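Have a look at the structure below before the remarks.
Small disclaimer: the values here were computed from a predicted structure and weren't measured. Counting starts at 1 for both ligands and their atoms, following the listed order.
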Amino acid sequence: MKRKILLLSTLLLALLLATACAVTGKLDEGPRKFEAEFIGLFDTLTRVMGYAESEEEFAAVVQELKDDLEVYHQLYDIYTAYPDLVNIKTINEQAGQGPVVVDQKIIDLLLFSKDAYRLTQGRVNIALGAVTKIWHRYRSEGVDDPEAARLPKMALLEEAALHTGMDDLLIDPVKGTVELKDPQMSLDVGAIAKGYAVEQAARAAEERGVKHLLISVGGNVRAIGARNDQGEPWRVGIENPDYTTDDYLAIVKADAISVVTSGVYERFYVVEGQSYHHIIDPDTLFPENRYLSVSIVTPDSGLADALSTALFNLDLEDGKKLIKSMEETEALWCMPDGSLVESDGFAALTSA
Ligand code: ADP
Ligand code: MG
């Protein structure tokens with residue numbers, strides 16, 4: 001509860017500041033610690049933390065990062081159209097109507113998402129939009145009117161699942177076009193776009209010479225470098241699905257790392273006392289209750305985001321196998337009873 005209030009007050013503060021950055025710093029000699037917060041990007045709270053010589057220096061770094069994230073946010077939006085912008089929503093609206101010329105950043109995201117599909121044997125599938133759209137509608141209705149909350153019929157989901165073929169997403173990197181072959185299919189990039197955008201924005205900041213920065217877009221965390229010039233590691237807390245405690249599940253101590261968690265507590269609704277979260281198993285077309293949360297630690301934030309969603313749809317043994325097969329990648333599963341399962345190298349990330 002305490003945390004909820006804290007979160008709420010942080011959100012309120014951010015709201016009051018609208019899109020302007022809130023920058024705070026401590027009075028010390030040498031580089032000082034600063035933090036900035038803003039809302040609106042990827043429908044969540046963005047927090048940036050770092051050390052700088054002056055408030056102006058930090059504010060400039062944050063502004064450039066924010067501008068980059070804003071571009072990705074608009075291009076990858078599936079719900080909102082923007083004047084004179086071809087985004088993922090446009091692609092969905094043009095399904096079955098031939099190729100659409102798009103920004104290179106969209107091509108890159110879609111190619112990355114196809115790789116993630118192959119890597120996870122389809123457990124994270126951005127072409128699942130026809131199915132996730134149904135769940136999205138039933139969830140919104142159920143949240144608005146809990147008494148009337150209901151589940152979609154299996155026949156409806158199965159019909160939609162006929163229009164989720166990744167092979168019907170055609171990408172032509174040379175012509176810079178994207179085509180949805182199936183007029184009834186649609187893209188839902190919600191499982192990958194945020195992490196991918198954070199990764200690209202972080203790399204751009206690195207190229208501008210930023211040496212140390214911690215970026216969190218709605219808990220999708222990406223660290224640039226170490227915490228400071230002394231090489232001390234960043235400390236990233238993994239949120240506990242249990243709202244009654246303030247304790248983190250674990251604290252990752254590392255440099256140049258991304259930590260991303262998918263959890264049942266993020267978006268869900270309740271039907272007849274049973275909770276239904278927002279990650280859909282492509283095999284059963286339902287949200288499964290394998291875990292309360294899955295966290296991924298790996299350098300690339302796009303990969304971390306894709307894997308945290310995919311692992312939700314994999315049994316523990318298969319998930320462990322996948323993580324083991326990947327370099328510099330660790331996972332933490334929070335089981336339905338609250339117990340924790342770590343991948344082999346996870347403990348090394350949390351010890352001092
Ligand atoms: P969040 O971004 O909310 O932290 P995730 O990264 O786990 O959560 O992504 C969940 C979102 O991805 C869902 O809200 C939905 O839009 C979409 N989604 C749900 N199931 C799948 C799936 N199996 N494959 C791809 N996308 C999915
Ligand atoms: Mg994800």
Taking both backbone and side-chain atoms of [X], is any N or O found less than 3.5 Å from an N or O belonging to ligand 1?
| X | value |
| --- | --- |
| Arg267 | yes |
| Thr132 | no |
| Ile279 | no |
| Asn125 | yes |
| Ile126 | no |
| Ser262 | yes |

With a cut-off of 4.0 Å, which atoms of ligand 1 are near a heavy atom of [X]?
| X | answer |
| --- | --- |
| Val124 | 24 (N), 25 (C) |
| Lys194 | 2 (O), 4 (O) |
| Asn313 | 23 (N) |

Taking [atom] as the reference point, the nearest protein heavy atom with its distance:
| atom | answer |
| --- | --- |
| atom 6 (O) of ligand 1 | Asp305 OD1, 2.9 Å |
| atom 27 (C) of ligand 1 | Ala191 CB, 4.0 Å |
| atom 19 (C) of ligand 1 | His278 O, 3.3 Å |
| atom 5 (P) of ligand 1 | Thr309 OG1, 3.3 Å |
| atom 23 (N) of ligand 1 | Ile280 O, 2.8 Å |
| atom 16 (O) of ligand 1 | Asp188 OD2, 2.6 Å |
| atom 22 (C) of ligand 1 | Leu128 CD2, 3.6 Å |
| atom 1 (P) of ligand 1 | Glu266 OE1, 3.4 Å |

Record the part of Ile192 in heavy-atom contact with ligand 1 below 4.0 Å; permitted values are side chain, backbone, both and neither.
-> neither

Checking side-chain polar atoms at under 3.5 Å, does [X] have a donor or acceptor matched by the opposite partner on [Y]?
| X | Y | value |
| --- | --- | --- |
| Thr164 | Asn125 | no |
| Asp242 | Thr244 | yes |
| His212 | Asp255 | no |
| Asp305 | Tyr196 | no |

Identify whether the distance between the nearest side-chain nitrogen and carboxylate oxygen of [X] and [Y] falls below 4.0 Å.
| X | Y | result |
| --- | --- | --- |
| Glu141 | Arg150 | yes |
| Arg203 | Glu207 | no |
| Arg123 | Asp283 | yes |
| Arg290 | Asp315 | yes |

Who passes side-chain hydrogen bond (donor to acceptor under 3.5 Å, both in side chains) against Gln94, sequence neighbours left out?
-> none

Aromatic ring pairing Phe42/His73, orientation class (parallel under 30°, perpendicular over 60°, tilted between) =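 Answer is perpendicular, since the angle exceeds 60°.
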
Aromatic ring pairing Phe34/Phe58, orientation class (parallel under 30°, perpendicular over 60°, tilted between) |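 Taking Phe58 first and then Phe34, their aromatic rings lie parallel (interplane angle under 30°).
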
When clusters are formed from ILVMFWY side-chain contacts under 4.5 Å, directly or step by step, what else is grouped with Met154?
->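 Leu128, Val131, Ile134, Trp135, Tyr138, Val143, Leu151, Leu156, Leu157, Tyr269, Val271, Tyr276, Ile280, Leu285, Phe286, listed by chain and number.
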
Report yes or no: does His136 have a heavy atom closer than 4.0 Å to ligand 1?
-> no

Partners passing salt bridge (charged side-chain N to carboxylate O under 4.0 Å, His left out) against Glu57 (at least two apart in sequence or in another chain) | none

Is Lys89 positioned over the aromatic face of Tyr79, cation under 6.0 angstrom from the ring centre and no more than 45 degrees off axis?
->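 Pair Lys89/Tyr79 does not count as cation-pi.
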
Take the Mg ion (ligand 2) and tell me which protein N, O or S atoms are nearer than 2.8 Å.
->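 The answer, once waters are left aside, is Ala191 O, Asp305 O, Asp305 OD1, Thr309 OG1.
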
Please answer: with hydrophobic residues joined when any side-chain heavy atoms are less than 4.5 Å apart, are Phe346 and Tyr248 in the same cluster?
->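 In one cluster with Phe346: Tyr248, no.
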
